[in-house]
Amino acid sequence: MQNTVAQNLPHHVAIVMDGNGRWAQKRWLPRVAGHKQGVDALRRIVEASVQRGIRVLTVFAFSSENWSRPVDEVASLMDLLAVALSREVPRLADSGVRLHFPGDRSRLSPRLAQGLASAEAATQGNERLVLNVCFNYGGRWDMAQAAQRLAERGEAITEESLSAAMAMAHVPDPDLIIRTGGEQRISNFLLWQAAYAELVFSDCLWPEFDAAQLDLALAEYARRERRFGQTSAQRADAAVTADAGTRDA
Ligand code: IPE
Ligand code: IPE
Ligand code: MG
């Protein structure tokens, strides 16, 4: 199985990190304690992704709709991002991680927005793993802002021009989207980019998600047949031809 996983490793994995609040509530802790544990889980998964050779990891950290949570929870999430930036960025920079923060920064404090821009600048030469932390991100926001940019430039709206104007234009579409926490929905994550992603849902709450859980999702992905609208027979033929090509090369 390990070989199949290695052969069919997704280039780009995206994760809806859900279940922090329930993790905390199960322990009679405040919800913010779950979000703090969630940062630790993210650190583990970044490391595991680098070890496995995944090239792009995208995580959903704060959605356009999360502003409607209680004000103190929203404030804690903003603080947590600021703390995580100052604690984690130097180590991420040293380990070859390139950071991006797709999302609408106009509603963030100028200081936080500046912190995100600095973290992106400090890691822009790195190539081992692209880590996209989607913060104040929504799939609908992304499509609307892309269309708006094209309209302002007077450019035609095509699939290619829209893709190029989106907040995720710097990476290929996700191959695998994992959602933890047991819910089976997309919650306004990468709506456009998810067109042909494989979806894997895990009951594991995000603070408990670890390398072994990631491997389960990767194994599930490796078993899937992606057809992109074609038939199974066409995909098999294409695989044989590609295989012969690599052997002959
Ligand atoms: C995900 O965990 C983190 C954010 C949405 C910021 P939740 O906070 O949604 O956790 P649950 O779903 O309430 O358990
Ligand atoms: C999705 O989780 C957003 C993030 C993980 C950042 P939510 O907990 O906000 O999603 P819903 O409200 O259950 O759909
Ligand atoms: Mg949730």
Side-chain angles (χ1 to χ4, degrees), residues 12-46 49 56-85 87-88 99-109 112-113 115-116 119 131-145 166-168 171 174 176-194 197-210 213-214 217:
H12 180 177
V13 176
I15 309 183
V16 180
M17 309 184 289
D18 196 24
N20 296 350
R22 279 164 286 164
W23 181 90
Q25 280 163 338
K26 263 182 23 186
R27 289 164 179 74
W28 303 100
L29 294 168
R31 291 176 58 85
V32 64
H35 297 314
K36 284 191 182 142
Q37 287 291 318
V39 177
D40 295 342
L42 179 55
R43 195 183 302 115
R44 285 198 296 269
I45 296 307
V46 170
S49 300
V56 184
L57 177 68
T58 299
V59 295
F60 204 7
F62 189 90
S63 77
S64 315
E65 289 73 29
N66 287 145
W67 291 105
S68 57
R69 293 196 176 191
V71 280
D72 58 340
E73 182 168 346
V74 171
S76 305
L77 287 163
M78 298 294 148
D79 288 348
L80 212 54
L81 177 62
V83 171
L85 277 180
R87 282 201 193 143
E88 310 287 335
L99 277 161
H100 284 272
F101 296 91
D104 181 4
R105 295 195 196 160
S106 67
R107 212 173 149 181
L108 306 183
S109 74
L112 188 53
L116 301 184
L131 173 59
N132 299 303
V133 179
C134 295
F135 199 89
N136 196 21
Y137 179 89
R140 289 179 173 182
W141 164 80
D142 199 2
M143 286 192 244
Q145 68 82 26
M166 279 208 233
M168 294 285 290
V171 287
L176 167 65
I177 297 183
I178 302 170
R179 182 174 183 140
T180 64
E183 311 296 353
Q184 303 197 351
R185 55 177 173 256
I186 215 81
S187 299
N188 199 17
F189 195 28
L190 306 165
L191 298 181
W192 175 269
Q193 299 84 351
E198 294 296 325
L199 308 179
V200 171
F201 298 101
S202 164
D203 287 332
C204 182
L205 301 173
W206 176 250
E208 288 168 348
F209 201 79
D210 59 11
Q213 295 286 334
L214 176 67

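Whatever order the structure lists them in is the order used to number ligands and atoms, beginning at 1.
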I'd like the atom pairs linking ligand 2 to the protein - N or O on both sides, separation under 3.5 Å - with distances to 0.1 Å.
residue  : atom   : partner : partner atom : Å
ligand 2 : 8 (O)  : D18     : OD1          : 3.2
ligand 2 : 8 (O)  : R69     : NH2          : 3.1
ligand 2 : 9 (O)  : N66     : ND2          : 2.9
ligand 2 : 9 (O)  : R69     : NH2          : 3.4
ligand 2 : 10 (O) : R179    : NH2          : 3.3
ligand 2 : 10 (O) : S187    : OG           : 3.4
ligand 2 : 13 (O) : R185    : NH2          : 2.8
ligand 2 : 14 (O) : R185    : NE           : 2.8
ligand 2 : 14 (O) : S187    : OG           : 2.6

Does some side-chain heavy atom of [Y] sit less than 4.5 Å from a side-chain heavy atom of [X]?
X	Y	value
K36	L80	yes
S64	D104	no
T58	C134	yes
V133	F101	yes
L85	E88	no

Exercise for the section: Sort by chain and number the protein N/O/S atoms that are closer than 2.8 Å to the Mg ion (ligand 3), and list them. Expected result: D18 OD1
Exercise for the section: Evaluate whether atom CZ of R27 has more than 12 neighbouring non-hydrogen atoms of other residues, nucleotides or ligands under 6.0 angstrom away. Expected result: yes
Practice task
Answer yes or no: are there more than 12 heavy-atom neighbours, outside R87 itself, under 6.0 Å from its atom CZ?
Solution key: no
Problem - Residue pairs passing the ring pair (Phe, Tyr, Trp, His ring centres under 6.0 Å) test where at least one lies in residues 57-79, sequence neighbours excluded - result: F60-F189, F62-W67, F62-F135
Exercise for the section: Measure the acute angle between the ring planes of Y137 and W141, then classify it against the limits of 30° and 60° as parallel, tilted or perpendicular. Expected result: perpendicular
Handout entry: Region of Q25 that comes within reach of ligand 1 [heavy atoms, distance under 4.0 Å]
Key = neither
Practice task
Could you list the residues that satisfy side-chain hydrogen bond (donor to acceptor under 3.5 Å, both in side chains) with T180, not counting sequence neighbours?
Solution key: none
